[in-house]
> 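Before we start, here is the structure in question, set down as structure tokens.
The first residue of the sequence shown is numbered 1, and numbering continues consecutively from there. Everything quoted here is computed from the prediction, not taken from an experiment. Read the numbers this way: they start at 1 and go in the same order the structure lists the ligands and their atoms.
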Amino acid sequence: MKGFRERMRETSERRESILILALDLKGERLLERSLSLLEEVSQSLCAVKLNRHLLLPLGLKGVKQIVEKARRLGIQTIMDCKLNDIGSTNLAIAESLFKAGFDALTVSPYVGWKEGLEPVFKLAKSLGRGVLSLVYMSHPGAKETFEEAFIQGKPAYQVFAGWAARWEADGLIVGATRPEKIREIHHLVEGKLPIYSPGVGFQGGSLEAAIENGANYIIVGRSILQTERPAEAAENFRRESWRLLRLRES
Ligand code: XMP
């Protein structure tokens with residue numbers, strides 16, 4: 001069985017895309033609009049990321065329809081749930097999400113391994129699904145907890161990068177708003193884990209700086225969703241990010 005990391009790589013190569021859409025819609029006719037937007041932009045994507053924006057109003061049944069549509073469209077699905085509870089609760093949530101068909105989910109390393117995230121990683125591995133671990137978030141306040149708070153005598157993000165490698169996570173999440181941290185974290189894990197980077201555009205992160213410094217996948221929401229022509233905006237992000245990745249790798 002191919003793992004999530006490999007499926008992402010294959011989808012990305014096939015689509016010539018490292019773009020992940022954060023499908024964070026709000027308002028009326030949510031399911032209908034989500035499905036039609038996904039269809040409209042899917043050619044430019046390697047994956048779609050959902051979070052509680054859709055899960056709460058639509059429930060798991062509604063979200064499952066989006067996941068199934070994404071599968072038919074040939075892209076991977078990520079649930080950005082940032083699991084951060086005790087192991088038994090994390091496991092129950094992960095079971096429901098994987099049952100709904102998600103290819104991967106996100107976790108918060110703050111809860112640690114033993115009776116924290118261990119059961120989630122084990123479940124994901126047994127099902128060929130992925131786990132992406134937060135290392136440094138994209139918003140301004142992230143500095144207080146991910147950098148200024150120390151764990152084992154080091155800034156938290158440095159420890160989280162090491163844990164993600166030890167836990168065999170399928171990827172690290174590092175905000176595009178801090179390209180210098182992307183570079184440092186890329187080196188800390190010796191380039192062995194892909195870096196997923198949200199925060200481009202709307203949150204002020206630069207696409208170019210994120211990719212030049214080591215991001216492997218780019219997560220974009222509002223800079224696509226809140227434009228008049230989302231398909232065109234997504235295609236521009238796809239083309240430019242693919243070009244920058246090729247440039248870095250040449
Ligand atoms: P925008 O609209 O800012 O959306 O392009 C970004 C999306 O990514 C999520 N997000 C994060 N997820 N770590 C994460 O796991 C982060 O640091 C982070 N920053 C933003 C956000 O929820 C939205 O879906």
Side-chain angles (χ1 to χ4, degrees), residues 4 8 18-27 30 34 37-38 41 44-58 63 66 70 76-84 90 93-94 97 102-111 117 120 130-147 156-157 160-161 163-164 169-182 185 193-207 209-211 213-227 230 233-234 236-238 240-241:
F4 171 71
M8 276 300 284
I18 57 166
L19 177 64
I20 299 170
L21 175 70
L23 190 56
D24 298 339
L25 293 178
K26 290 193 275 191
L30 208 46
S34 301
L37 191 103
L38 186 59
V41 303
S44 305
L45 310 178
C46 60
V48 61
K49 182 185 84 66
L50 275 63
N51 64 24
R52 274 161 276 205
H53 271 267
L54 294 184
L55 182 60
L56 289 177
L58 298 178
V63 153
I66 302 173
Q76 301 293 303
T77 52
I78 300 166
M79 180 65 201
D80 190 6
C81 51
K82 301 186 176 72
L83 289 180
N84 63 352
N90 289 335
I93 299 169
L97 294 171
F102 282 102
D103 291 289
L105 47 75
T106 64
V107 297
S108 168
Y110 273 101
V111 292
L117 295 174
V120 176
V131 180
L132 306 176
S133 194
L134 291 184
V135 174
Y136 202 138
M137 290 184 71
S138 53
H139 62 296
K143 190 163 193 250
E144 296 160 36
T145 49
F146 288 88
E147 184 169 352
Y157 73 91
F160 293 159
W163 287 353
D170 299 278
L172 313 173
I173 302 169
V174 187
T177 46
R178 295 182 176 85
E180 73 291 353
K181 297 299 180 210
I182 296 181
I185 291 161
L193 295 181
I195 294 181
Y196 288 69
S197 196
V200 165
F202 214 93
Q203 293 185 53
S206 141
L207 186 69
I211 296 173
N213 284 284
N216 300 87
Y217 298 101
I218 297 293
I219 300 169
V220 184
R222 289 164 291 180
S223 298
I224 292 174
L225 302 174
Q226 295 185 10
T227 57
N236 288 338
F237 272 111
R238 183 203 67 78
E240 185 58 5
S241 51

> Could you tell me which atoms of ligand 1, counted from 1 in the order shown, lie closer than 4.0 angstrom to a heavy atom of Gln203?
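Ligand 1 atoms under the 4.0 Å threshold to Gln203: 3 (O), 6 (C), 19 (N), 20 (C).
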> Report the relative orientation of the aromatic rings in Phe146 and Tyr136; use parallel for angles under 30°, tilted for 30 to 60°, perpendicular for over 60°.
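The rings of Phe146 and Tyr136 lie parallel, inter-plane angle below 30°.
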> Just to verify, which of Tyr196, Phe4, Phe237 counts as forming a ring-ring contact (aromatic ring centres under 6.0 Å, His included) with Tyr217?
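That would be Tyr196; it is the only one of Tyr196, Phe4, Phe237 passing the ring-ring contact (aromatic ring centres under 6.0 Å, His included) with Tyr217.
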> Which bit of Asn51 gets closer than 4.0 Å to ligand 1, counting heavy atoms only: side chain, backbone, both or neither?
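The side chain, only.
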> If we only count N/O pairs under 3.5 Å, is Thr106 in contact with ligand 1?
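N/O-N/O distance below 3.5 Å does not exist for this pair.
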> Who's the nearest protein heavy-atom neighbour of atom 19 (N) of ligand 1, and how far?
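In this structure, atom 19 (N) of ligand 1 has Ser138 OG, 2.5 Å as its nearest protein heavy atom.
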> Any N or O on Ser223 sitting closer than 3.5 Å to an N or O of ligand 1?
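By distance alone, the answer is no.
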> Strictly below 4.0 Å, N to O, side chains only: are Lys26 and Asp24 in salt-bridge contact?
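Not counted as a salt bridge, because no side-chain N and carboxylate O are separated by less than 4.0 Å.
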> Return a yes/no value for Tyr136: is any of its N or O atoms, backbone included, closer than 3.5 angstrom to an N or O of ligand 1?
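N/O-N/O distance under 3.5 Å: no.
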> Record the part of Leu132 in heavy-atom contact with ligand 1 below 4.0 Å; permitted values are side chain, backbone, both and neither.
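It is neither part, as no heavy atom is under 4.0 Å.
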> Using a 4.0 Å heavy-atom threshold (strictly under), name the region of Lys82 that reaches ligand 1: side chain, backbone, both or neither.
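For Lys82, the contact with ligand 1 is made by the side chain alone.
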> Short list, please: which atoms of ligand 1 are under 4.0 Å from a heavy atom of Ala22?
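So the atoms of ligand 1 that pass are 7 (C), 24 (O).
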> Mark up the atoms of ligand 1 that fall under 4.0 Å of a heavy atom belonging to Arg222, in ascending order.
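Atoms satisfying the 4.0 Å criterion: 1 (P), 2 (O), 3 (O), 5 (O).
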> Just to confirm my output: which protein heavy-atom neighbour is closest to atom 10 (N) of ligand 1, and how far is it?
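Answer for atom 10 (N) of ligand 1: Pro198 CB, 3.8 Å.
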> Heavy-atom distances under 4.0 Å are what count here, so tell me which part of His53 touches ligand 1: side chain, backbone, both or neither.
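Answer for His53: neither.
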> May I ask you to list the atoms of ligand 1 that are less than 4.0 angstrom from any heavy atom of Ile173?
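That gives atoms 13 (N), 14 (C), 15 (O) of ligand 1.
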> Rounded to the nearest 0.5 Å, what separation is found between the CD1 atom of Ile218 and the OG atom of Ser241?
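The CD1 atom of Ile218 sits 6.5 Å away from the OG atom of Ser241.
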> Going by the order shown, which atoms of ligand 1 are within less than 4.0 Å of some heavy atom of Leu134?
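Per the distance check, 13 (N), 14 (C), 15 (O).
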> Hey, does Val200 come in under 3.5 Å of ligand 1, counting only N/O atoms on both sides?
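The answer is no, given that Val200 and ligand 1 share no N or O pair closer than 3.5 Å.
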> Kindly determine whether Ser138 and Gln203 satisfy side chain to side chain donor-acceptor pair (under 3.5 Å), including the steps that lead there.
CA-CA 8 Å; Ser138 53; Gln203 293 185 53; 2.8 Å; yes
